[in-house]
Amino acid sequence: MITGVGSARVRVLVIGSGGREHALVRGLLRDPSVAEVHAAPGNAGIAADVAAVHPVEATRPRAVADLAERITADLVVVGPEAPLVAGVADAVRVRGIACFGPSARAARLEGSKAFAKEIMAAAGVPTAMAVVCDTAAEVEDALDRFGPPYVVKNDGLASGKGVVVTDDRAAALAHAAACGRVVVEDYLDGPELSLFCVTDGETIVPLAPAQDFKRAYDGDHGPNTGGMGAYTPLPWAPPYLVDDVLERVVRPTIVEMRHRGAPYTGVLYAGLALTTRGVRVVEFNARFGDPETQAVLTRLGTPLGGLLGAAASGTLHNVPPLRWLHGATVVVVLAAGGYPSTPRAGDVIEGLDRAGAVEDVDVFHAGTRRDSSGRLVSSGGRVLSVAGSGANLAEARNRAYAAVREIRLDGGFYRIDIAEAASHDTVSVPALQSPRR
Ligand code: GLY
């Protein structure tokens, strides 16, 4: 075991600056075994919670490893995908410091859609049929083969903007042309969900499944975003869902990665669709999802530092079964005007004290900073995520919306239908032919 992790009172460094990282920070601070949390680069909300934020670029492996060494971190938790693909986890581990997050080689599961498809094919993991395309002619053929709705994914990282799902063939072709190499896929019907599985490469611990809302506007209209809201648990999900995904999707993938000499540790985020033919993988991500993490970690009763530290040090088998708080959590994202294409910045944010005073509400910062006068202002597309918790989804939802209505941000907007169908039990789930192969 790496010194520090597993022993009392550790110092943790969190890398990233979004709502997901703020939820990680809050979760770590609730863990009595965590003495101190640092962050780089963080945001205004993270800065208010942690011992120190450090102006280090998250995607520079050496700079992050130097910082971890300088502050004598016992554990580094890497939030976003870009630092993982850049090799931050490798650089930190080389210094003998435990790191939660996959190596650059393993993070290719998110970094290249084509690589992920190759791994899924080798491991027999159910996913959409797909064609990797390098030329416009190949894209045209693939669109003809699958028909609308067209699904075109940038092969590489694109900060949540790499996927277009559209009935408009010209828009699908234009997206492909802008990306270069793309993966064109068959469209998967049925509701989507996110399952985060924490792993040390051997033991796999699934968290509670969640659903996010990727379109910008109510009724699933408008452009794709990083995510406008989320909730957990999923009352409509079949009871065997998590076990089924573990056995048919996550475990075979982890085994295949090990066989390829790229053992996977950290969190494997399986983006799934519940189709008439059973569960299918939409995509893999090498990190926690945003904003689902804000919902899932708000409910997690198990100490987070212990869980992530055990994954980082290969001792996950020692972690007792997870405990959950609250019946449900609903997260509503407040976005800046113009998001996702041209988000406004520099608008003053007010009302956070009133929002935070609503019972069982947590407000996580993403695109926020302090201006030269010390005022809290927006600095990114997704500005805040407001999490309401309660005995059930209806109560959690009421609290989240009561809080978000207290916040003032010029031009800001949020969806009003997050978790609405689930709270009324009207999510339409296809009749599954069979949960097994
Ligand atoms: N919520 C979608 C993502 O994190 O990619």
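One-based numbering, in listed order, for ligands and for the atoms of each.
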**Arg215/Asp220 salt bridge by N-O under 4.0 Å criterion** =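 Between Arg215 and Asp220 there is no salt bridge, as every charged N stays at least 4.0 Å from the carboxylate O atoms.
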**Item:** Presence of salt bridge, Asp186 and Arg145, under 4.0 angstrom
**Value:**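 Asp186 and Arg145: not salt-bridged.
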**Asked** Step by step, would you call Thr298 with Ser389 a side chain to side chain donor-acceptor pair (under 3.5 Å)?
**Response** CA-CA 8 Å; Thr298 297; Ser389 298; 5.5 Å; no
**Item:** Verdict with supporting geometry, Asp360 and Arg399, salt bridge (Lys or Arg N to Asp or Glu O under 4.0 Å)
**Value:** CA-CA 7 Å; Asp360 280 329; Arg399 288 177 175 156; 3.3 Å; yes
**Request:** For Gly289, counting its heavy atoms only, list the atoms of ligand 1 lying under 4.0 Å from any of them.
**Result:**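 Close to Gly289: 4 (O).
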**Request:** Give the atoms of ligand 1, by number and element, whose distance to some non-hydrogen atom of Asp212 is under 4.0 Å.
**Result:**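 Once the distances to Asp212 are compared, the set is 1 (N), 2 (C).
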**By ring-ring contact (aromatic ring centres under 6.0 Å, His included) - contacts of Tyr150 (at least two apart)** =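 Scan of Tyr150 (ring-ring contact (aromatic ring centres under 6.0 Å, His included), adjacent residues dropped) gives none.
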[X] N/O under 3.5 Å from ligand 1 N/O:
{"X": "Lys214", "value": "no"}
{"X": "Glu283", "value": "no"}
{"X": "Gly226", "value": "yes"}

**Asked** Ala170 and Asp168: which non-hydrogen atoms are nearest, and at how many Å?
**Response**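 Heavy atoms of Ala170 and Asp168 come nearest at N-OD1, 3.0 Å.
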**Request:** Report the part of Tyr269 (side chain from C-beta onward, or backbone N, CA, C, O) that has a heavy atom under 4.0 Å from ligand 1; answer both or neither where that applies.
**Result:**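 The side chain, only.
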**Prompt:** When you measure from atom 4 (O) of ligand 1 to each heavy atom in Arg20, Arg287, Glu292, Met228, which option holds the nearest one?
**Reply:**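 Checking each option, the heavy atom nearest atom 4 (O) of ligand 1 is found in Arg287.
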